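See structure below.
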Amino acid sequence: MKLLPEEWQPVDVDELEPSAETAVRSTRSVLVTAGPGAGKTELLAQRGCYLLQTGLCSSPRKILAVSFKVDAAANLRRRVGHRCGDDARRFHSVTLDAFAKGLVDRFRMGLPTEYRPAARFAPRLAPPRDPELSSFLQELEPPPELGGDAALAAIPRGAFYESDVVGRPLPWPEESSPTLRQWAGKVYWQDAVSASGSEDGTLTFPMIARLAELILRVNPAITRALRATCPFVFLDEFQDMTPWHYDILREALLGSDVCITAVGDTKQRIMLWAGAHPRVSEEFVRQFEAGTEELRRNYRSAPELVRMQNELARLLEDEPTECEVAGEHAREGVCQVLECDDAVAESEWIADQVEEGIEAGLSPDDFCLIYRQRVQRMSAPALSSLHARGILARDETVYQDLADEVAVRILAASIRAAVGGRDPDAWCELTDIIRRIHGISDEDACAETIAAEAIPEAKRQFLEDPSDEGEIQSACDAVLAIVDRAVLQEAVPAYSRTGWLDKVIEKMAGLLARDREASDDWGEAISRFQGMDTVKAMTIHKSKGLEYHTVMFVGLEDSSWWAYARQEEEERRAFFVAFSRAIVRVVFTFARRRDAGRGDQRQSRSGLTTLYDALEQAGANTLTVW
């Protein structure tokens with residue numbers, strides 16, 4: 001039974017702040033700006049519940065939610081799924097890249113021939129680096145009218161960028177007098193499209209986004225169908241949207257009745273290096289005539305940390321919005337700067353703090369080590385010190401994106417339920433996913449029947465204790481066969497047209513083999529794989545959207561922040577993101593000697609004076625371990 005809009009109440013929360021309530025019930029497009037801990041994802045989840053539970057988004061119409069990161073899309077999908085039952089099947093939460101790839105997969109025949117990729121093309125997962133683009137340019141043979149080899153020699157190495165390929169919409173016009181870089185960009189496109197059927201992939205995700213925007217522009221019927229099917233669109237982490245993704249949004253929805261809800265925070269805009277649109281919020285409000293709302297409450301951090309965040313926000317904006325503390329906190333919060341002789345002393349101090357925290361009742365899950373870059377190398381001393389004390393800790397980089405893959409969630413839940421005894425959470429996770437991919441209603445017992453077959457199969461496979469990657473991969477394949485691999489491939493677009501599903505299973509098998517080797521049994525191995533009771537080490541970008549009781553930012557030093565002088569504004573925003581992950585405690589460390597990638601060397605922080613001064617002025621305490 002549907003609720004009247006005026007009868008609907010927020011789900012699983014006591015109340016929403018007034019601006020959030022307005023955005024949730026809005027009948028027009030709106031841009032919601034909010035600081036860290038304000039509940040941006042929760043706002044979108046509440047709006048999804050509101051639209052579905054009141055019937056304002058009635059069947060068969062759908063809500064399309066697009067996020068920047070895989071884990072953010074999965075998080076939003078789970079929140080709505082747990083609250084809306086069968087209606088949640090009409091809530092489609094995907095990443096921007098997955099949305100663009102899905103359009104190209106389904107409607108590639110609507111592209112002009114010169115831009116039409118192969119039928120079963122695989123995306124290139126990593127963008128081309130500058131040296132690769134320079135080599136591509138140097139190997140070309142420009143036509144005489146462009147100056148031939150002499151003109152090519154005059155272009156400095158490194159002067160051909162990804163923006164020369166995806167910087168403008170397709171199709172490229174016939175230039176009356178093209179520049180050498182424009183000509184090279186067109187050749188790059190031609191080569192990538194013609195080789196798109198190769199196993200390694202040649203089309204990057206930005207290129208795929210340009211193809212998706214072209215499909216919508218030259219096929220009005222597809223655009224009309226999208227608008228009719230999805231009258232409500234959500235945009236998460238809107239500040240990180242790129243020009244090529246924004247062009248898809250504009251082509252698909254501008255001038256329509258589709259109601260858009262965009263949420264973001266300019267203080268956390270740290271993706272300019274990846275091509276984020278620097279003025280996307282202003283353009284959206286102007287072009288879509290969107291309303292604006294601002295959230296002020298911080299539900300995450302303790303009062304002292306909220307106060308310090310307000311102080312640090314002045315590094316980023318002249319007149320930042322003052323955030324307010326929301327909820328009760330057991331502690332006021334603390335920020336510290338740790339100064340050490342070297343990385344060894346630093347790692348022992350970190351291990352001491354984690355050990356003391358665990359003795360006081362915290363879990364290893366409550367601690368996070370954040371690094372600006374080179375996580376594998378930089379985190380090695382701290383992880384080694386933690387391991388020496390019997391504390392699980394790992395570089396989260398290799399696990400994080402994999403964890404939200406649908407196939408991985410099916411397999412992890414099946415193994416947990418099979419080897420760990422009664423596990424209601426694993427059972428609910430598994431049956432929920434099976435319902436989604438098979439399109440089974442909550443009342444239908446088919447999902448339970450399939451799960452009741454998959455779990456014994458997982459038990460049979462993994463109690464035989466497969467040890468190497470090949471055996472574990474075969475065991476995973478056997479479990480997915482019960483769930484129905486073909487249905488899974490149809491339900492998840494990324495699995496349907498490429499070998500991506502096989503790559504996901506292969507990568508999972510490799511990690512499971514490593515975790516099993518370090519464990520006493522498969523119960524412990526799957527817990528390790530899922531990062532339970534484990535201290536996580538990750539980059540700032542990977543930490544975005546997450547929160548921890550204690551955050552330790554390791555290595556606030558010039559060697560890790562080498563780009564600070566060149567892109568100071570974005571680096572300050574990255575610093576703010578790292579600070580705002582903490583609930584109760586945040587620590588920034590400086591070691592006088594460290595191996596940051598070029599051997600053990602003396603470290604400096606003279607280039608980061610602005611950040612250290614800001615911490616001091618905000619009230620950070622300095623500790624020394626000499």
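Quantities reported herein were computed from a predicted structural model and do not represent experimental measurements.
- At distances below 3.5 Å, not a single donor-acceptor pair connects side-chain atoms of Ser560 with backbone N or O atoms of Leu556.
- Counting heavy atoms from C-beta on, the side chains of Thr539 and Arg372 never come closer than 4.5 Å.
- Using a 4.5 Å heavy-atom threshold, the side chains of Phe238 and Asp265 count as separate.
- For Asp97, there are no salt bridge (Lys or Arg N to Asp or Glu O under 4.0 Å) partners two or more places apart in sequence or in a different chain.
- With hydrogens and angles left out, the side-chain atoms of Glu469 and Gln473 include no donor and acceptor closer than 3.5 Å.
- Taken to the nearest 0.5 Å, the CZ atom of Phe91 stands 11.0 Å off from the SG atom of Cys230.
- Using a 4.0 Å cut-off between charged side-chain N and carboxylate O, Arg435 and Asp86 make no salt bridge.
- Judged by distance alone, with hydrogens and angles left aside, the side-chain atoms of Lys536 form a donor-acceptor pair with the main-chain N or O of Gly531 at under 3.5 Å.
- Every side-chain hydrogen bond (donor to acceptor under 3.5 Å, both in side chains) that Glu346 has, sequence neighbours left out, goes to Thr589, Arg594.
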Let me see the working for Arg394 and Thr534 under side chain to side chain donor-acceptor pair (under 3.5 Å), right down to the final yes or no.
-> CA-CA 7 Å; Arg394 75 184 189 193; Thr534 302; 5.5 Å; no
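- In this structure, Arg409 and Leu430 have side chains that are not in contact, with every pair of non-hydrogen atoms separated by 4.5 Å or more.
- Here Ile472 contributes atom CD1 and Ser467 contributes atom OG; the two are 7.0 Å apart, rounded to the nearest 0.5 Å.
- With no hydrogens or angles considered, a side-chain donor-acceptor pair links Glu348 and Ser385 at under 3.5 Å.
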Applying side chain to side chain contact (heavy atoms under 4.5 Å, CB included), run through Phe579 and Phe553 and close with a yes or a no.
-> CA-CA 8 Å; Phe579 188 104; Phe553 187 95; over 6 Å; no
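- The distance from atom CG of Asp366 to atom CD1 of Ile583, rounded to the nearest 0.5 Å, is 7.5 Å.
- Between Trp500 and Glu405, some side-chain heavy-atom pair lies under the 4.5 Å cut-off.
- Asp477 is linked by a side-chain hydrogen bond (donor to acceptor under 3.5 Å, both in side chains) to nothing, counting only residues two or more places apart in sequence or in another chain.
- Annotation: ring pair (Phe, Tyr, Trp, His ring centres under 6.0 Å) contacts of Trp8 (sequence neighbours excluded): Tyr50.
- Under a 3.5 Å cut-off, the side chain of Gln400 and the backbone N or O of Lys542 do form a donor-acceptor pair.
- Between the Thr229 side chain and the Leu226 main chain, no donor and acceptor come within less than 3.5 Å of each other.
- For the side-chain contact (heavy atoms from CB on, under 4.5 Å) criterion with Phe367, the lone passing option out of Val551, Thr550, Ile391 is Thr550.
- No donor-acceptor contact under 3.5 angstrom links the side chains of Glu237 and Ser67, judged on distance only.
- A distance-only check finds no donor-acceptor pair linking the side chain of Asn298 to the backbone of Ala38 [under 3.5 Å].
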Carefully, step by step, assess Thr41 and Asp236 under the rule side chain to side chain contact (heavy atoms under 4.5 Å, CB included).
-> CA-CA 7 Å; Thr41 302; Asp236 196 10; 3.7 Å; yes
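- Put simply, the side chain of Asp533 never gets that close to the backbone of Pro364: no donor and acceptor are under 3.5 Å apart.
- For the pair Ile505/Leu480, a side-chain contact is recorded, criterion being any heavy-atom separation below 4.5 Å from C-beta on.
- When all heavy atoms of Ile350 and Ala382 are compared, the closest pair comes out as CD1-CB, 4.3 Å.
- Among residues two or more places apart in sequence or in another chain, the salt bridge (Lys or Arg N to Asp or Glu O under 4.0 Å) test is passed with Lys40 by none.
- No side-chain donor-acceptor contact under 3.5 Å links Thr204 and Arg124.
- Contact between Met508 and Ala412 at its shortest, heavy atoms only, is CE-N, 4.0 Å.
- At a cut-off of 3.5 Å, with distance as the only test, no side-chain donor of Tyr495 or Asp502 sits close to an acceptor on the other residue.
- Looking at every heavy atom in both residues, Ile208 comes nearest to Pro123 through CD1-CB, 3.7 Å.
- Among Leu501, Ile433, Val483, the single residue meeting the side-chain contact (heavy atoms from CB on, under 4.5 Å) criterion with Leu488 is Leu501.
- Side-chain N/O atoms of His387 and Ser384 include no donor and acceptor closer than 3.5 Å.
- The distance from the CH2 atom of Trp427 to the CD atom of Glu429 is 13.5 Å, given to the nearest 0.5 Å.
- A donor-acceptor contact shorter than 3.5 Å is absent between the side chain of Gln336 and the backbone of Val587.
- Taking the side chain as every heavy atom from C-beta outward, Arg581 and Cys368 never approach each other to under 4.5 Å.
- The 12-atom threshold is not exceeded at CD of Glu517, counting heavy atoms of other residues, nucleotides or ligands nearer than 6.0 Å.
- Looking only at side-chain heavy atoms (C-beta outward), Arg83 and Gln46 come within less than 4.5 Å of each other.
- The two residues Ser414 and Ala458 come nearest to each other via the heavy atoms O-CB, 3.8 Å.
- Side-chain contact annotation: Thr261 with Arg47, donor-acceptor N/O pair under 3.5 Å present.
- Considering only heavy atoms from C-beta on, Trp522 comes within 4.5 Å of Asp465 through its side chain.
- Using modelled atom types, no side-chain atom of Arg516 and backbone atom of Ala525 make a donor-acceptor pair closer than 3.5 Å.
- Contact check on Asp352 versus Arg389 returns a salt bridge, with a Lys/Arg side-chain nitrogen under 4.0 Å from an Asp/Glu carboxylate oxygen.
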Under the side chain to side chain contact (heavy atoms under 4.5 Å, CB included) criterion, do Arg90 and Asp87 qualify, and how do the steps go?
-> CA-CA 6 Å; Arg90 294 188 290 112; Asp87 283 334; 3.4 Å; yes
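- Distance check, rounded to the nearest 0.5 Å: OG of Ser379 to CG of Asp395 gives 5.0 Å.
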Could you tabulate the donor-acceptor pairs under 3.5 Å formed by side-chain atoms of residues 57-64, not counting sequence neighbours?
residue, atom, partner, partner atom, Å
Arg61, NH2, Leu56, O, 2.9

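- A centroid separation of less than 6.0 Å is found between the aromatic rings of Phe575 and Phe588.
- At least one donor-acceptor pair under 3.5 Å links the side chain of Lys2 to the backbone N or O of Leu52.
- Between Asp515 and Arg528, the shortest heavy-atom distance links the atoms O-CD, 3.8 Å.
- Taking each heavy atom of Gln309 and Ser580 in turn, the nearest pair found is NE2-CA, 3.8 Å.
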Taking it one step at a time, do Leu235 and Val263 satisfy side chain to side chain contact (heavy atoms under 4.5 Å, CB included)?
-> CA-CA 6 Å; Leu235 305 170; Val263 299; over 6 Å; no
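- The distance from atom CD of Glu471 to atom CD of Gln461, rounded to the nearest 0.5 Å, is 10.5 Å.
- No side-chain donor-acceptor contact under 3.5 Å links Arg514 to the backbone of Gly510.
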